[in-house]
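Everything numeric in this text was worked out from a predicted model, so none of it was measured. We're numbering straight along the sequence, starting at 1.
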Amino acid sequence: MKVEDILKVKGDRVFTVLNEATISQAIIVLNENNIGAVLVVDNGGAITGILSERDIVRQLGKNGSTTLSSSVDSCMTANPYHCAC
């Protein structure tokens, strides 16, 4: 399967959050857009990571509700592989 084929089904809109955003703020983006992961970017727009629902659940299992106020970069998967279309 090609990226082009996936984008035809999923759409080409990409959602991001700043790496300094809180997990709580990222959850709002996930919920409002009915998505399971969001790209994490720095202030210059460079991709620094990806944050998935699974990342959040694992962190909640370790740290409980304090996770919600921690920064996205403390929970994300850093340096994800990505491609350009």
Side-chain angles (χ1 to χ4, degrees):
M1 182 173 273
K2 296 179 181 177
V3 172
E4 178 182 32
D5 297 329
I6 295 169
L7 292 177
K8 285 179 185 174
V9 175
K10 292 289 220 174
D12 60 358
R13 192 149 179 224
V14 177
F15 297 94
T16 62
V17 294
L18 288 172
N19 54 0
E20 59 200 32
T22 64
I23 297 298
S24 183
Q25 291 169 321
I27 289 171
I28 291 169
V29 173
L30 294 172
N31 285 332
E32 286 179 346
N33 296 288
N34 195 31
I35 54 176
V38 63
L39 288 178
V40 181
V41 297
D42 63 18
N43 288 323
I47 297 170
T48 60
I50 187 168
L51 179 71
S52 69
E53 293 170 331
R54 183 171 291 190
D55 292 326
I56 296 168
V57 168
R58 286 184 179 147
Q59 199 72 9
L60 283 167
K62 290 179 191 175
N63 300 321
S65 63
T66 60
T67 298
L68 299 175
S69 61
S70 58
S71 65
V72 168
D73 62 2
S74 69
C75 185
M76 70 181 189
T77 300
N79 304 313
Y81 293 105
H82 59 280
C83 65
C85 295

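At a threshold of 4.5 Å between non-hydrogen side-chain atoms, the residues L30 and I56 count as touching. In this structure, the side chains of L51 and I23 come closer than 4.5 Å at one or more pairs of heavy atoms.
Listed here is the closest heavy atom pair of V38 and F15: CG2-O, 3.1 Å.
Taking CZ of R58 as the reference point, atom OG of S52 lies at 7.5 Å (rounded to 0.5 Å). Considering OG of S74 and CG of N19, their distance stands at 10.5 Å, rounded to 0.5 Å. Distance check: D73 CG to L18 CG gives 10.5 Å after rounding to the nearest 0.5 Å. How far CZ of R54 is from SG of C75: 13.0 Å, rounded to the nearest 0.5 Å.
Looking only at distances, no side-chain donor or acceptor of N31 sits under 3.5 Å from a matching main-chain atom of I28.
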Donor-acceptor contacts under 3.5 Å from residues 40-50 side chains, at least two apart:
{"unit_1": "D42", "atom_1": "OD1", "unit_2": "G44", "atom_2": "N", "d": "2.9"}
{"unit_1": "D42", "atom_1": "OD1", "unit_2": "G45", "atom_2": "N", "d": "3.0"}
{"unit_1": "D42", "atom_1": "OD1", "unit_2": "A46", "atom_2": "N", "d": "2.9"}
{"unit_1": "T48", "atom_1": "OG1", "unit_2": "V40", "atom_2": "O", "d": "3.3"}

Just distance, no hydrogens or angles: give the donor-acceptor pairs under 3.5 Å from side chains in residues 61-68, sequence neighbours left out.
{"unit_1": "T66", "atom_1": "OG1", "unit_2": "N63", "atom_2": "O", "d": "2.8"}
{"unit_1": "T67", "atom_1": "OG1", "unit_2": "Q59", "atom_2": "O", "d": "3.1"}
{"unit_1": "T67", "atom_1": "OG1", "unit_2": "G64", "atom_2": "O", "d": "2.9"}

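Clustering ILVMFWY residues whenever any of their side-chain heavy atoms sit less than 4.5 angstrom apart, transitively, puts I27 in the very cluster that holds V72.
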